[in-house]
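Presented below is the structure to which this report refers.
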Amino acid sequence: MADRLPLMAGNWKMNTDLRRSIVLASELATLTKGADKEKVEIAVFPPYTFLRDVGKQLQGSIISIGGQSCGTEAKGAFTAAVAAPMLKSIGCKYVLVGHSERRAIFGESDEDVNKSLLQTFENNMVPVLCVGETLEEYELGLCNAVCTIQLARGLKGLTPSQLAKVVIAYEPVWAIGTGKVATPEVAQSVHKDIRAYLSKAFGADVANAVRILYGGSVTADSVNELMAQSDIDGTLVGGASLTAESFSKIAMFNN
Ligand code: PGA
């Protein structure tokens with residue numbers, strides 16, 4: 001891997017409650033005490049309602065917090081939406097944008113994803129842009145085409161310096177929550193193609209700087225092999241991020 005700092009991210013999705021989220025955060029803070037911030041970055045994405053409490057619990061630890069999504073506008077009449085400035089005001093460093101569940105279940109379009117991504121930057125946070133193909137698209141050999149379209153549309157309008165800060169998460173939809181992790185070879189080959197696309201579209205410097213995470217059924221057993229691939233710069237973990245024991249092992253891979 002070039003000198004890209006690995007980012008190990010845990011997406012709690014619609015899980016935990018207040019008590020559980022505080023316990024999980026506090027256990028994680030303890031179990032990651034030995035992590036070296038020169039070597040790894042760790043972030044968790046709890047439900048909005050627990051972000052502030054989780055953030056407080058993680059103060060002084062290596063772990064940052066992020067929002068699971070954000071609105072397309074800064075404020076206004078958008079009942080139930082959460083805006084990027086709100087997330088910034090409670091200490092978020094990252095925001096997931098375009099997670100496949102947001103796209104498939106909540107109907108977020110590439111244009112919405114792009115707007116949320118721009119909102120994230122405007123509020124000095126780092127977007128983690130999720131891309132990935134469905135099983136049907138994978139079987140039809142459309143993986144690269146789908147990722148390229150989602151990247152091109154999602155990254156529209158960014159300046160070169162913003163582009164270099166974006167984090168991309170490649171998450172094949174067929175691997176999310178299914179227990180079917182992509183093999184390290186398959187994941188590496190898609191990551192390489194994504195970097196090649198970034199290089200062609202935005203230049204080699206941007207492409208070399210951007211961190212590309214793999215997501216989809218990552219566990220403590222699969223993380224080391226994935227992280228050994230030259231274009232895999234971290235992981236985005238769902239199910240296995242819900243217990244401190246498994247997520248801390250993933251976050252401190254190779255230890
Ligand atoms: P999973 O979820 O690890 O449970 O497959 C990954 C994700 O959706 O980010």
Side-chain angles (χ1 to χ4, degrees), residues 6-16 20-21 24 28 41-48 50-51 54 63-70 87 92-108 113 116-117 120 125-135 137-138 143 146-147 150-151 154 166-184 186-188 190-191 194 211-227 229 232-253:
L7 172 61
M8 310 306 277
N11 173 12
W12 297 0
K13 306 192 180 184
M14 199 174 74
N15 293 297
T16 72
R20 178 70 204 126
S21 66
L24 181 52
L28 278 175
E41 225 181 319
I42 308 173
V44 291
F45 296 78
Y48 294 133
F50 313 132
L51 268 169
V54 167
I63 308 170
S64 5
I65 53 168
Q68 294 179 12
S69 178
C70 77
L87 296 175
C92 285
K93 179 169 181 190
Y94 292 99
V95 181
L96 295 182
V97 293
H99 189 280
S100 64
E101 285 148 21
R102 299 296 312 169
R103 295 176 190 263
I105 304 169
F106 298 96
E108 279 185 15
V113 172
S116 296
L117 187 128
T120 303
M125 296 176 289
V126 176
V128 179
L129 170 62
C130 305
V131 300
E133 77 290 353
T134 62
L135 181 60
E137 289 162 345
Y138 179 72
C143 167
V146 170
C147 291
Q150 290 177 345
L151 287 168
V166 165
V167 177
I168 308 288
Y170 167 59
E171 299 206 298
V173 178
W174 48 268
I176 295 179
T178 58
K180 279 192 219 154
V181 61
T183 62
V186 166
Q188 163 59 23
V190 181
H191 281 228
I194 290 176
R211 290 180 289 179
I212 308 176
L213 318 185
Y214 168 79
S217 295
V218 175
T219 61
D221 292 332
S222 53
V223 68
N224 285 353
E225 263 197 280
L226 288 162
M227 290 305 294
Q229 308 302 314
I232 300 185
D233 308 315
T235 54
L236 178 55
V237 185
S241 73
L242 292 172
T243 65
E245 208 206 334
S246 57
F247 186 60
S248 60
K249 278 192 191 143
I250 293 171
M252 296 166 77
F253 63 101

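Read the numbers this way: they start at 1 and go in the same order the structure lists the ligands and their atoms. Scope of the values below: all heavy atoms of this structure, side chains included, with no hydrogens, waters or symmetry mates.
Closest approach of Glu108 to Ser69, counting heavy atoms only: OE2-OG, 3.6 Å. For Phe247 against Gly10, the heavy-atom pair with the smallest separation is CZ-N, 3.4 Å. For the residue pair Ala175 and Ser217, the shortest heavy atom distance occurs at O-OG, 2.6 Å.
Remark: of the listed residues Val237, Ile65, Leu51, Leu24, Ile65 is the sole one forming a side chain to side chain contact (heavy atoms under 4.5 Å, CB included) with Val44.
Residues that satisfy the side chain to side chain donor-acceptor pair (under 3.5 Å) test with Glu133, not counting sequence neighbours, are Tyr170, Trp174.
Lys93 has its side chain within reach of Glu41: a pair of non-hydrogen atoms, C-beta onward, lies under 4.5 Å apart.
In this structure, ligand 1 sits under 4.0 Å from heavy atoms belonging to Asn11, Lys13, His99, Glu171, Ala175, Ile176, Gly177, Gly216, Ser217, Leu236, Val237, Gly238, Gly239.
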